[in-house]
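One structure below.
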Amino acid sequence: MRLFANRIPLVRTAMLSAFLVVSVALSSCFDVPYTDAPELSVEVDDWRDEVIYQIVTDRFENGNPNLDYRVDTTSLTAWHGGDWQGIIDRLDYLEELGVTALWISPPFQVVEEDAGIAGYHGYWPQNFVRANPHFGDLPTLRRLVDEAHDRDMKILLDVIVNHIGQLFYYDINLNGQPDEHVEGSGMVYDEEFGGMQSEVLRTTEWDPDYDPRGIQSRTSLGESGPAPIIWTDMPELNRVPPKPEVFQNPEWYHRRGRVVTPWGWDFRDMVETGDFPGGLKAIDTTLPEVRDEMVDIWAWWIEETNADGFRIDTVKHVEKDFWAEFAPRIRERLAEQGKENFMMFGEIFDGGDDVIGRYTAPGKLDSAFYFSHKFQVFDDVFGRGEATSNIETLFEQRPDNYGTTPQPGGITDSDGNGIAPVDALVNFIDNHDVARFLFDFDDVDALRASLFYLLTMDGIPCIYYGTEQDFDGGNDPANRENMWLADGFDTESETFQHTRRLIELRKQLAPLRRGDFQIRWASERTGDEQDAGIIAFERTYDGETVLVVVNANAEHSSETSATSLGGGAMPVSFSADTELVDIFADDGTSFSVDGSGEVTIDVPPQSGRILVEQ
Amino acid sequence: MKSHWIIALLSSLFLLVAGPAAATEVELNPVDDVEEAEDDDAEDEVSVGSEFRFGSYGRVRTATDLRGHTARPVNVVSFGSRIDERSYAELEFQQRFFRPEEEPDFSTDIVATLGFLDDLFHTTGDFDQSIAIRNLYATGVWHGQALDVDIWAGSRMYRGDDIYLLDFWPLDNINTVGGGAGVTFDAPVGPTNLRVHGGANRLDHEFQQQIVDVPGLEFGTEEVVFLDRQRLIFSGRGEQQLWLDDEGNRGLKAVLYGESHHLPEGVRRLDDGTTEEQLPADSGWLFGGQLGVWEASGGFFDGSFANVFLRYSANLAAYGELGIPFGVNVDETAQGASDLLGGMAGTVETPYGNATVGTYLRSFNTAYEVDTHRDYREAIIATRMHGYLTDHIHPGVEVSHQVRSPQGPYPETEDYGRPQQQAPTVTKLSLLSAFGLEPGAYSRPQFRAIYTASFLNESAQLLYRPEDRRRDLDVQHYLGVMVEWWFNSASY
């Protein structure tokens, strides 16, 4: 037997020492780069200077094929593979178009699929605080924001506080599995059986009709109290309990079932506490702890990305009071970190100005998506050829419905003066929730006339992606076309060039962005009359005035005059004998203001003129 | 086209070395031992000797984590310390035929190796086993006057030197079906060996093969191979030894090694059953070198050696021959991917004990131009030391430290998605009681009782999914026994 000698070879000591030195050196060299949150900055002078471009991220451009999970580009209800890198890759295109702010799909992780429909749109939250892996990771989103800022573009994140995706069902029959019941035989009123009747009732535990008491459990013996909710466990579809984990508290949900359509929309309590159709479970935003969490979550997204504003989804489905707390707290928290002039505009999908406007009351949102204008002007006037006097009526009612005082700590002009919501409404022709303009009206000239008006009127214009390429999809999901597969990046197309030119002029002429808005001519006539389809308005800013005249009529040229009807020409604020030149036509076309301060401007059908003093 | 010149080269080598003798048709008459034919036509028949050999590599272990669960490997790098790796075994069968009286001396070996994973019946209770054919090839060797030539064909683990402590072959290591040839001759300073190889694979993955169901001629469906694209792999290796004594018991060696990978374009059908996706052609290459030193002259450090490796692979080759490229670029090719690796393995043997070191430092970047968590730097250093208490009892200790630095955040879901701020690290401290037939770092079989404590930093813990209970453990234990052996193995 050979015993181990009582001495330690030097080589072993040396090797151990070397090992320790190398280990320590390696550890210190392997810090992970990139992880710091950005410093918040103010990128906006005046939100009215911006032209928003709405992007459905999944459909815009596929910049990273490594994120293509469950992709099927042949189906409009499946994931297509668009991502944040794709938007980065197409910033040149967007810059050439001239848009200055990008509203992108919600950034968080969503339900992969529900009932065969994918969550590609981003409106089915599952994890509020994780970047949607289909779109990229947090550093990529940061980089998108940074690269947009480098081009003087802003990024607007899409916000949801109203609901989560379909992540639980109501266990109405208490059997621990999601069921669909059919009860009753359909027997009609029958006197032979004492007037008995048996109505056929269908109930799905995924999406039962609204019950103001809360969804009740029910057995053959009758009701059994509030139905418990049971979280789904389908990791392959990411239909697992919501994150952060605090959202796994059943008390954080109204649990009253789905809004009963279509009449349920008329009842505010049902709208605010009912699940959104499709099984999107309504969060109880009256709870203080829910409000705290929502403020933390959405402030965090800005703190982590330095994005510039929020477009807020399903605003009217959230208790009105919520916004009076959420908006000020977000503004205050971000302002403390240097993020001022932060805009929040809400989606209030409603045709009524009174409904939309109430969310712009003092202390609430900076602006709203101007649905009433979309319906009454773009659809009715430019699409259906109704009278342009509708526009005048709508504008006259504006101050009665929308906030006329700036929000404390809200958006400001470049001098720091607050901008009232009524002056910063977000105008749009169409969006991802409605059929595209060309689907409804199939008239490219009408679309271009709409773009002319959109990009010269007051407020903040918003263009839905693909509009500049004459996309014509119908209702959801047909209106969410794949941009890259449709060869949608043609910078020579006529509508692209038309839009680019209008944005360019809007940037050149401050009155078109910041000026007040005075309607000089609107017509009640829609036939072959002299002024049918004319809407004319002046916009003045800092002593400079621009006159815009648009003819929405599709049949004939019209002019700003009613002499054939016994009236006069259009009065303007310009001095007598002023020569007004059409800088949009760029062909020297001009018009003279007569001695009485009136001017007759003729406009070809479905086109417009932008006139400035020569 | 490249396969044509490989065949031509192999043919030329064959004729050059074997000459007319190799072209002579002979009647083989295999017998168990060398024997003379006894009939009157003995002059026309050829005596052939044969020899059967059984070989094996294996390790079998059982271990507990001291919490009542099976102990599992704990690593954050691609090739961690093998101290806690799973059971694995190979059974190898070789049959050699030879004609010792022939000039030049010629022999062939047929090698078949079965590999078995760790789903052992006595562990799982399932009378089933995962088996792979790791070798199934034949070699032919001509021992000439001036040089030796060998050829081989078949399915083979085709590889060089490893880093034992990490169970990792850092330079030449191809799993291939193909063939190759080599030539060995004596240069003035020592033996020179040159080798070439060509092979192909067609992985069972929709990246390379897709089989679809189509309507049958009359009823039902039948399968059609819709996509089938082979990856062709060629390699070349040159080794020069520098002997420091006449017998080659001490010496140095230098190795240069290269590979090229080629994948043709293809078309596959998407899940919708109708849309076809174009898969672009792709290619890649690898180049590297190795410097080695050994000492086997019977002195104080008898049995010691060291090897240093440096390897760079690019594009398709960066993912390995069995890898499906991930992190592809916007063209969905692997162009732009890279893998740079430097490593070292060495053992110091003394009469009192031994010390073995294995380490590598690696930088891997996917083809996708933006850094993500799939791009990473990683490193590990491990050392194992045994003292020879007796000829048969060799207590030891192993220490290792590994770190992996992703270049983008892991898709972490907790803490508001905040990316990890630190690189994941694991430090392992192990105590071993080893028992063997004789002293030596590579003396096998070796029985071991092992205790290992693995220390994970918070970032390493977060690599486990939230549902995995190991996520909460900053120390994981391993207590187990194992045995490792190898003998007569063509691959070890």
Side-chain angles (χ1 to χ4, degrees), chain A residues 1-5 7-9 11-12 15-16 18-20 22-24 26-27 29-37 62-68 70-75 78 85-86 88-89 108-109 127-131 133 136-140 143 235 243-245 296-297 300-301 304, chain B residues 270-272 274-275 326-332 348 350-353 355 357 359 361 366 368 370-374 377-383 385 387-391 395 399-409 411-423 425 427 439 459:
Chain A
M1 179 176 290
R2 184 177 62 195
L3 291 175
F4 182 38
R7 60 191 173 105
I8 301 173
V11 64
R12 265 177 272 173
M15 290 185 71
L16 184 58
F19 168 80
L20 292 172
V22 172
S23 297
V24 172
L26 284 178
S27 296
C29 291
F30 273 67
D31 290 337
V32 183
Y34 67 74
T35 50
D36 292 339
N62 185 349
N64 186 351
N66 303 288
L67 308 178
D68 292 356
R70 302 179 77 90
V71 160
D72 178 0
T73 55
T74 64
S75 168
Q85 182 61 44
I88 293 171
D89 294 344
F108 45 71
Q109 188 175 23
N127 188 337
F128 281 106
V129 291
R130 180 187 177 190
D137 53 23
L138 202 51
T140 307
R143 201 158 47 79
K243 294 282 187 73
E245 289 183 357
D296 280 347
I297 287 170
W300 177 83
W301 276 104
E304 290 294 323
Chain B
L270 300 184
D271 290 342
D272 62 61
T274 56
T275 307
F326 55 89
V328 296
N329 65 27
V330 291
D331 298 329
E332 299 201 38
V348 175
T350 75
Y352 309 107
V357 174
T359 182
L361 182 65
T366 66
Y368 186 54
V370 178
D371 283 342
T372 71
H373 68 94
R374 298 182 181 89
R377 320 275 181 266
E378 63 178 16
I380 179 171
I381 181 167
T383 183
M385 290 170 282
Y388 302 142
L389 199 59
T390 72
D391 280 352
V399 184
S400 69
H401 181 74
Q402 55 185 276
V403 56
R404 180 177 175 122
S405 172
Q407 300 305 294
E412 179 53 53
T413 61
E414 300 301 305
D415 193 20
Y416 280 29
R418 188 177 300 280
Q420 296 167 48
Q421 301 293 314
Q422 291 179 305
T425 65
T427 301
S459 293

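Just so we're on the same page: letters track the sequence lines, and every chain starts at 1. Values below: all heavy atoms of this structure, side chains included; hydrogens, waters and symmetry mates excluded.
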Non-hydrogen atoms of chain B under 4.5 Å away: do they reach the side chain of Asp72(A), the backbone, both or neither?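 When you check distances to chain B, only side chain atoms of Asp72(A) fall under 4.5 Å.
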Under 4.5 Å from a heavy atom of chain A, the part of Val370(B) involved: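 Val370(B) touches chain A through side-chain heavy atoms alone.
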Tell me, side chain or backbone of Asp331(B) under 4.5 Å from chain A's heavy atoms, or both, or neither?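 It is neither, since no heavy atom gets under 4.5 Å.
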Sort out for me which of Thr73(A), Asn64(A), Thr74(A) touches chain B most, counting heavy-atom pairs under 4.5 Å.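 Top count of heavy-atom pairs under 4.5 Å with chain B: Asn64(A).
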With Thr427(B) via side chain to side chain donor-acceptor pair (under 3.5 Å) - residues at least two apart: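 With neighbours one apart ignored, the set is His401(B).
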Inter-residue atom distance Asn66(A).CG - Glu332(B).CD, 0.5 Å rounding: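 Between Asn66(A) CG and Glu332(B) CD, I get 8.0 Å after rounding to 0.5 Å.
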OG1 on Thr372(B) to CD on Gln85(A), rounded to 0.5 Å: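 Answer for the CD-OG1 pair, Gln85(A) versus Thr372(B), is 11.0 Å.
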